[in-house]
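Start at 1 and go down the list; that is how both ligands and their atoms are numbered. Excluded from the calculations below are hydrogen atoms, water molecules and symmetry mates; all remaining heavy atoms, backbone and side chain alike, are included.
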Amino acid sequence: MIRIAMTKGRIQKQVTILLEQAGFDMTAVREMGRELVVTIPDDLEIIFGKANDVITFLEHGIVDIGFVGKDTLDENDFEDYYELLDLQVGKCDFALASFPDYADKVFNRRKRIASKYTSIAKRYFAERGEDVEIIKLEGSVELGPVVGLSDAIIDIVETGNTLKANGLVVIDRFLPISTRVIAGRTSFKFKKDEILELVARLEMAHGN
Ligand code: PRP
């Protein structure tokens with residue numbers, strides 16, 4: 001039995017399709033209501049959680065495998081895992097975004113940057129030698145500049161529709177993101193064959 005933690009929402013939809021293409025019967029996931037744990041044939045148990053919590057479940061050895069975005073992996077300190085596969089879905093980019101005049105503006109104070117990804121944001125500006133104030137927002141980060149809370153944001157951009165709808169533009173697109181399959185190191189040690197078989201099936205379905 002392999003236990004998997006999957007990020008709810010967009011990743012869940014795309015990975016469900018990939019697992020079906022890999023030959024797994026995902027009916028239970030397709031038909032699930034508010035359940036959070038689903039067992040599927042071929043000895044898989046899938047738990048559904050928020051992205052950061054997928055890391056927590058792996059960290060504590062609750063699950064063997066996680067399906068999680070590169071954005072979440074980069075934001076967290078967790079390093080005790082092996083990345084086994086890039087599923088090439090859930091593709092988007094990290095970007096610095098603001099109003100179009102941001103680049104020409106002169107700031108006589110520390111810039112304020114809103115982000116849900118405060119570690120990524122800190123690293124981005126530290127690498128560029130800029131001392132900025134990072135303000136944490138939990139979602140709808142685009143509100144930062146729109147309501148005057150921040151000068152810019154660091155966020156993920158997929159279609160760019162949210163930025164556009166709020167009068168914002170990408171200033172710097174700096175890090176590509178996609179969904180990864182990761183295994184906890186301890187699980188990998190004890191369930192190596194089972195885990196590699198699952199990855200091989202996904203790889204074949206995916207045409208990697
Ligand atoms: C993400 C991100 C942007 C949006 C980008 O938010 O934070 O707001 O998607 O997508 P787009 O470029 O296709 O418009 P998400 O929908 O995950 O929710 P959140 O705002 O609650 O974080």
| said: Considering only residues two or more places apart or on different chains, which pairs with a residue in residues 118-170 satisfy ring pair (Phe, Tyr, Trp, His ring centres under 6.0 Å)? | reply: Tyr124-Phe174

| message | Under 4.0 Å between a side-chain nitrogen and a carboxylate oxygen: does that hold for Asp64 and Arg3? | response | no

| task | Check the pair Ser178 / Arg180 against side chain to side chain donor-acceptor pair (under 3.5 Å), numbers first and verdict last. | result | CA-CA 6 Å; Ser178 56; Arg180 311 296 165 96; 3.1 Å; yes

| query | Can you pull the residues with any heavy atom under 4.0 Å from ligand 1? | reply | Arg10, Lys116, Gly139, Ser140, Glu142, Asp155, Ile156, Val157, Glu158, Thr159, Gly160, Asn161, Thr162

| said: Suppose clustering is done on Ile, Leu, Val, Met, Phe, Trp and Tyr with side-chain heavy atoms closer than 4.5 Å. Which residues sit in the same group as Leu36? | reply: none

| query | Are Lys111 and Asp151 within salt-bridge range, i.e. N to O under 4.0 Å? | reply | no

| said: Going by the rule side chain to side chain donor-acceptor pair (under 3.5 Å), which residues pair with Glu133 if we only count those two or more places apart in sequence or in a different chain? | reply: none

